[in-house]
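Notes follow the structure.
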Amino acid sequence: MSSDQDHLKETDTEARFEFKKEQKAAFAAEKGLNEETIRVISEDKDEPEWMLERRLRALKQFQKMPMPTDWPGQPDLSEVDVDEIVPYIRPDVEVRGGVDDWRDLPDDIKDTFDKLGIPEAEKNALSGVGAQYESEVVYQNMQERWEEKGVVFMNMDQAVQEHEDIVKEYFMTKCVPPSDNKFAALHGAIWSGGSFVYVPEDTTVDMPVQAYFRMNSEGMGQFEHTLIVAEKGSEVHYIEGCSAPKYSAFNLHSGGVEVFVGEDAHVQYSTVQNWSKNTYNLNTKRAIVEKNGRMEWISGSMGSKATMLYPASILKGRGASDNHITIAFAGEGQNIDTGAKVYHNAPETKSTIESKSISKDGGRTNYRGLVHIANGAKNSSTSVECDALMFDNESTSDTMPYMEINESTVDVAHEATVGKIGDEEVFYLQSRGLDDDDAKQMIVSGFIEPITEELPIEYAVELNRLVELEMEGSLG
């Protein structure tokens, strides 16, 4: 193992995520959501009129749509009250749109990202980094060699100004319209920050780009938007990290992700989310995949009080493919409801979904998925595999697959397993010198290994360490 990997393995992960900073804001909106708040946010960002109009239309959608309450077994969202959320906090940073040197950040914000290890990761393994603190990106940088090839990696607020035509065409028009669901509408009304990635035709970005989103203030909402456009024959790997310390009041995270995968292009989207246990994590993520394009989703979700997250891909062109890999971990008082959606809308398309969930101390995990194969999507194939591991009789795990098959010449497979950590396995490992906790952690590590081996080493180590801390009950 290299020295860099040794350093990562020895990192005090709990200390990295649980620290808190006193809030210092240049501007903070009032609690709640109304037209005046939307106008204030848009004016503070100096947005073009068309973006304000889209925000206001999304607000009307949000106000008309009911809260989702009738899904079988869904997490309890009764505590989610948007009128108690601060929707927008602009941190006290002199340069709007973010600096390109960590040393230019205020000490408290710089210290936050130092403790999270983001600058160190940028030096060793990344081609670009964006870092968001509260509602806005405070740091953004891309290696010159990619900029020279026409690759764009910047924050979304800046992209609205500098790449207006592209943003206007793609932003919440095709992938995630505000009408998709109530939280997509909420996001469309008060989104702030996030990432814009544009990769020109036949360009391969061979090192990942990363964005990190940190919620620091109590009782706030974070609503970053990520827009990725990969042109024909291009390739990019985007990594997202998220965290928040524990507070007494609930926080809300409702991000939006839109990915456009061109013909013969390949996009990998990896995320490791470690929210505090008073955070509701309600995201909407979608991808449109053209002919022979390939989309990969790799997701690790833990820490939040409730998560509802179902990344979806629309396979629009012949030969398009999609691969979903998910890890979910639920401890005491947590309900982690995750899954995937794939729409096969063209012939010879392919999808695979692999879900791994772990529950302990009465926590609940659920796989909720949809595979739709349209009439005419001949010779398409899909495979869904859901494996759940439980620590005790109080924990629960459910599997709710839903398949709509409207074409006869297709290949469809589904497999699900649910099991407890067995006494025999633990006893065997104890006989080899491990104590009870180490034995259980080894079993869990083996259980999730097929997924962690798909991640870059930095994130694989991080995810394993977070799972260990969740098992110990150390994370808030």
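Numbers for residues simply follow the sequence, beginning at 1. Predicted model only: the values in this text are computed from it and were never measured.
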(request) Could you please spell out the steps behind the side chain to side chain donor-acceptor pair (under 3.5 Å) verdict for Ser304 and Asn281? (result) CA-CA 7 Å; Ser304 65; Asn281 183 28; 5.1 Å; no
(request) Give the C-alpha distance, both sets of side-chain angles, the deciding distance and a yes or no for side chain to side chain donor-acceptor pair (under 3.5 Å) between Asp337 and Tyr310. (result) CA-CA 8 Å; Asp337 201 290; Tyr310 323 101; 2.6 Å; yes
(message) Go through it in stages, so that I can follow the logic: the residues are Ser42 and Glu47, the test is side chain to side chain donor-acceptor pair (under 3.5 Å), and I'd like the CA-CA distance, side-chain angles, deciding distance and then a yes or no.
(response) CA-CA 6 Å; Ser42 187; Glu47 291 180 338; 2.8 Å; yes
(message) Using side chain to side chain contact (heavy atoms under 4.5 Å, CB included), reason through Asp202 and Asp264 one step at a time and then give a plain yes or no.
(response) CA-CA 9 Å; Asp202 295 325; Asp264 295 311; over 6 Å; no
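With no hydrogens or angles considered, no side-chain donor-acceptor pair links His253 and Gln273 at under 3.5 Å. Defined by atom type and a distance below 3.5 Å, a donor-acceptor pair is present between the side-chain atoms of Lys45 and Ser192. A side-chain donor-acceptor contact under 3.5 Å links Ser397 and Thr365. For the residue pair Thr352 and His324, no side-chain donor N or O sits within less than 3.5 Å of a side-chain acceptor on the partner. Donor-acceptor pairing under 3.5 Å is recorded for the side chains of Glu407 and Thr409. No donor-acceptor contact under 3.5 angstrom links the side chains of Asn251 and Thr279, judged on distance only. Counting only N and O atoms by type, the side chains of Glu258 and His225 include a donor and acceptor under 3.5 Å apart. Neither side chain, Thr271 nor Trp297, offers a donor N or O lying under 3.5 Å from an acceptor on the other.
Residues Glu263 and Arg318 are not paired through a salt bridge, judged by the lack of any N-O separation under 4.0 Å between the basic side chain and the carboxylate. Using a 4.0 Å cut-off between a side-chain N of Lys or Arg and a carboxylate O of Asp or Glu, Glu394 and Lys360 do not qualify as a salt bridge. Under the 4.0 Å criterion applied to side-chain N and carboxylate O atoms, Arg294 and Glu296 are assigned as salt-bridge partners. Note on Glu201 versus Lys232: no salt bridge recorded, every NZ/NE/NH1/NH2 to OD/OE distance being 4.0 Å or above.
By the side chain to side chain donor-acceptor pair (under 3.5 Å) test, Tyr238 pairs with Ser195, sequence neighbours left out. Partners of Ser380 according to the side chain to side chain donor-acceptor pair (under 3.5 Å) rule, which considers only residues two or more places apart in sequence or in another chain, are Thr349. Partners of Ser78 according to the side-chain contact (heavy atoms from CB on, under 4.5 Å) rule, which considers only residues two or more places apart in sequence or in another chain, are Asp76. Partners of Lys316 according to the salt bridge (Lys or Arg N to Asp or Glu O under 4.0 Å) rule, which considers only residues two or more places apart in sequence or in another chain, are Glu290. For Tyr170, there are no side chain to side chain donor-acceptor pair (under 3.5 Å) partners, not counting sequence neighbours. A search for ring-ring contact (aromatic ring centres under 6.0 Å, His included) contacts involving His372 returns nothing, not counting sequence neighbours. Checked against side chain to side chain donor-acceptor pair (under 3.5 Å), Asp398 has the following partners two or more places apart in sequence or in another chain: Arg364. Listed by chain and number, the residues in a side-chain contact (heavy atoms from CB on, under 4.5 Å) with Thr37 are Ala29, Asn34, Ile41, Pro87 (sequence neighbours excluded). In this structure Thr284 satisfies the side-chain contact (heavy atoms from CB on, under 4.5 Å) test together with Val176, Asp180, Asn181, Ala184, Arg286, sequence neighbours excluded. With sequence neighbours excluded, the residues forming a salt bridge (Lys or Arg N to Asp or Glu O under 4.0 Å) with Lys305 are Glu79, listed by chain and number. With sequence neighbours left out, Thr173 forms a side-chain contact (heavy atoms from CB on, under 4.5 Å) with Arg54.
With contacts defined as side-chain heavy-atom distances shorter than 4.5 Å, the pair Ile336/Ser301 qualifies. Taking the side chain as every heavy atom from C-beta outward, Met400 and Tyr402 never approach each other to under 4.5 Å. Looking only at side-chain heavy atoms (C-beta outward), Val160 and Phe196 stay at 4.5 Å or farther from each other. Side-chain contact between Thr326 and Tyr367 is absent, with no heavy atoms from C-beta onward closer than 4.5 Å. Under the 4.5 Å side-chain criterion, counting only non-hydrogen atoms from C-beta, Val82 is not in contact with Phe183.
Considering all non-hydrogen atoms of both residues, Met65 and Ser179 come closest at CE-O, 3.6 Å. Across every non-hydrogen atom of Gly376 and Pro347, the tightest pair is O-CG, 3.6 Å. Summarising the geometry of Pro178 relative to Gln61, their closest heavy-atom pair is CB-CG, 4.4 Å, with the distance given to 0.1 Å. Contact between Thr307 and Pro75 at its shortest, heavy atoms only, is O-CG, 4.0 Å. Residue Ser234 comes nearest to Val199 through the heavy atom pair CB-CG1, 3.6 Å, listed as atom of the first residue, atom of the second, then distance. Between Ala185 and Ala58 the shortest heavy-atom distance is O-CB, 3.5 Å.
Both cation-pi conditions hold for Lys182 and Phe62: the charged atom is under 6.0 angstrom from the six-membered ring centre and inside a 45 degree cone around its axis.
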Can you give the donor-acceptor pairs under 3.5 Å from side chains of residues 162-169 to other protein atoms, not counting sequence neighbours?
{"from": "Glu162", "atom 1": "OE2", "to": "Gln158", "atom 2": "NE2", "distance (Å)": "2.9"}
{"from": "Glu164", "atom 1": "OE2", "to": "Trp50", "atom 2": "NE1", "distance (Å)": "2.6"}
{"from": "Glu169", "atom 1": "OE2", "to": "Lys174", "atom 2": "NZ", "distance (Å)": "3.3"}

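Atoms OG1 and CD1, from Thr338 and Ile327 in turn, are 10.5 Å apart once rounded to the nearest 0.5 Å.
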